[in-house]
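Beneath this line is the structure, given in structure tokens, with notes to follow.
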Amino acid sequence: MRFEYLEPESIKEALALLSRYQGRAKIIAGGTDLMLQMRNRFIRPEVVVDITRIPGLDSIAFDDPQGLRLGALTTIRVLETSVELQEKYSILSQAAGQLGSVAIRNVATVGGNLCNALPSAETSQALVSLSAHVRIIGPGGERTIPLEDFFIDVRKTVLQPDEILLEIIVPESPPCTYGRYIKHSPRGTIDLAVVNMAVLMTMAPDEQVCRDARIVMGAVFPTPLRARKAEEMLKGKRVDDALIDQVAQAASDEAHPRRGSIRGSFEYKKEMVRVLTRRAIREVAGAREGMPG
């Protein structure tokens with residue numbers, strides 16, 4: 001395959017290139033998925049625009065009033081190993097550590113993982129559970145939208161051909177917020193998930209009552225899927241085994257896996273949602289002491 005390889009050194013230059021080659025260019029950052037798609041001829045871009053030389057896109061910043069700001073080129077390995085991230089947003093570090101091998105995590109970027117828009121992508125469930133927003137820039141200027149609204153379908157996002165994802169913004173979590181990310185796959189981290197999910201809960205400080213909850217399921221719908229009915233069942237309730245079983249069943253009922261998937265049957269994925277939801281809630285509810293959120 002022949003293509004033109006370009007390395008802009010500024011956002012302005014990158015946007016100009018994308019506008020010039022409208023729909024015929026692809027952005028490359030880590031390239032762990034793009035190069036595989038090109039090698040297998042799933043996509044055939046005329047131009048590959050490498051944005052890794054643009055300064056400032058690999059930043060990671062903690063701002064107490066605004067929370068966490070992640071440049072789109074922040075590597076998955078940085079998310080996994082950042083001590084401050086482990087302390088304040090551990091569910092994201094947990095998810096990052098489940099993506100591929102260490103070699104892949106050293107190259108893959110959070111922006112690429114989101115823009116690739118696979119239903120099983122590791123960081124998307126965790127970031128949706130954290131109510132993250134994404135900052136996008138294009139010829140018409142900037143826009144910021146909830147990450148939950150960023151995904152349209154499998155490998156499809158709201159990002160236009162002449163737009164770039166700049167940054168992910170994660171608000172600070174309330175006190176007593178704890179999370180668990182769980183991925184089920186045949187060979188551990190190196191395989192795509194059969195089912196994965198993020199469970200984030202804010203607990204009352206002195207009792208086992210859930211004040212708020214986010215349950216985000218992956219690989220059971222074309223986009224990351226909130227189990228909203230299951231979430232509502234947790235809110236304001238004392239978390240015990242009976243409630244956990246009810247919530248897990250509700251999450252399974254809300255899952256809509258594709259029939260005929262090569263990674264797991266419809267029935268198997270529904271059952272795994274029930275099992276993993278129950279496991280995650282039990283771990284979160286039992287981890288109030290000494291566990292970062």
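Looking at heavy atoms from C-beta onward, E122 lies out of side-chain contact with L79 at the 4.5 angstrom threshold.
For the pair S19 (side chain) and L15 (backbone), a donor-acceptor distance under 3.5 Å is present. Side-chain atoms of K237 never come within 3.5 Å of backbone atoms of C210 as a donor-acceptor pair (strictly under, hydrogens ignored). Within the 3.5 Å criterion, the main-chain N or O of A29 finds no donor-acceptor partner in the side chain of T52. Without hydrogens or angle criteria, Q160 side chain to V158 main chain gives a donor-acceptor distance under 3.5 Å. T109 places no side-chain N or O within donor-acceptor distance of the main-chain N or O of T75, the cut-off being under 3.5 Å. Put simply, the side chain of K270 gets close to the backbone of S252: a donor and an acceptor are under 3.5 Å apart. Between the side chain of E167 and the backbone N or O of R135, no donor-acceptor pair lies under 3.5 Å. Checking side-chain atoms of D162 against main-chain N and O of G138 turns up no donor-acceptor pair under 3.5 Å. Here the side chain of E231 pairs a donor or acceptor atom with the backbone of I215 at under 3.5 angstrom. The backbone N or O of A126 sits less than 3.5 Å from a side-chain atom of S129, completing a donor-acceptor pair.
Cluster membership for F151 and L159, using ILVMFWY side-chain heavy atoms within less than 4.5 angstrom, is shared. Put simply, Y178 and L234 are part of the same group of oily side chains (I, L, V, M, F, W, Y) that touch within less than 4.5 Å, one to the next. The hydrophobic cluster containing V216 also contains I152, counting ILVMFWY residues as joined when their side-chain heavy atoms lie under 4.5 angstrom apart, directly or transitively. Linking ILVMFWY side-chain heavy atoms closer than 4.5 Å, directly or via other members, places I190 and I76 in two distinct hydrophobic clusters. Linking ILVMFWY side-chain heavy atoms closer than 4.5 Å, directly or via other members, places I136 and L147 in a single hydrophobic cluster.
Of the charged side-chain nitrogens involved, at least one lies within less than 4.0 Å of a carboxylate oxygen, so that R228 and E148 count as a salt-bridged pair. Classification of K183 and D191 as a salt-bridged pair fails, no side-chain N sitting under 4.0 Å from a carboxylate O.
The line from CG of D212 to CD of E232 is 8.5 Å long, rounded to the nearest 0.5 Å. Note that OG1 of T177 is 9.5 Å distant from CZ of R211, once rounded to the nearest 0.5 Å. Between atom CD1 of residue I27 and atom CD1 of residue I164 there is a gap of 4.5 Å, rounded to the nearest 0.5 Å. If you take CZ on F62 and NZ on K88, they are separated by 6.5 Å, rounding to the nearest 0.5 Å. Taken to the nearest 0.5 Å, the CD1 atom of I168 stands 10.0 Å off from the CD1 atom of I60.
Contacts classified as salt bridge (charged side-chain N to carboxylate O under 4.0 Å, His left out) and involving residues 249-262 (residues at least two apart or in different chains) are given here: R259-E267. The side-chain hydrogen bond (donor to acceptor under 3.5 Å, both in side chains) pairs that include a residue from residues 97-107 are E80-R105, where partners are two or more places apart or lie in different chains.
Heavy atoms from other residues, nucleotides or ligands lying under 6.0 Å from NZ of K235 number more than 12.
Through side-chain heavy atoms spaced under 4.5 Å, either directly or across other Ile, Leu, Val, Met, Phe, Trp or Tyr residues, L118 is tied to L192.
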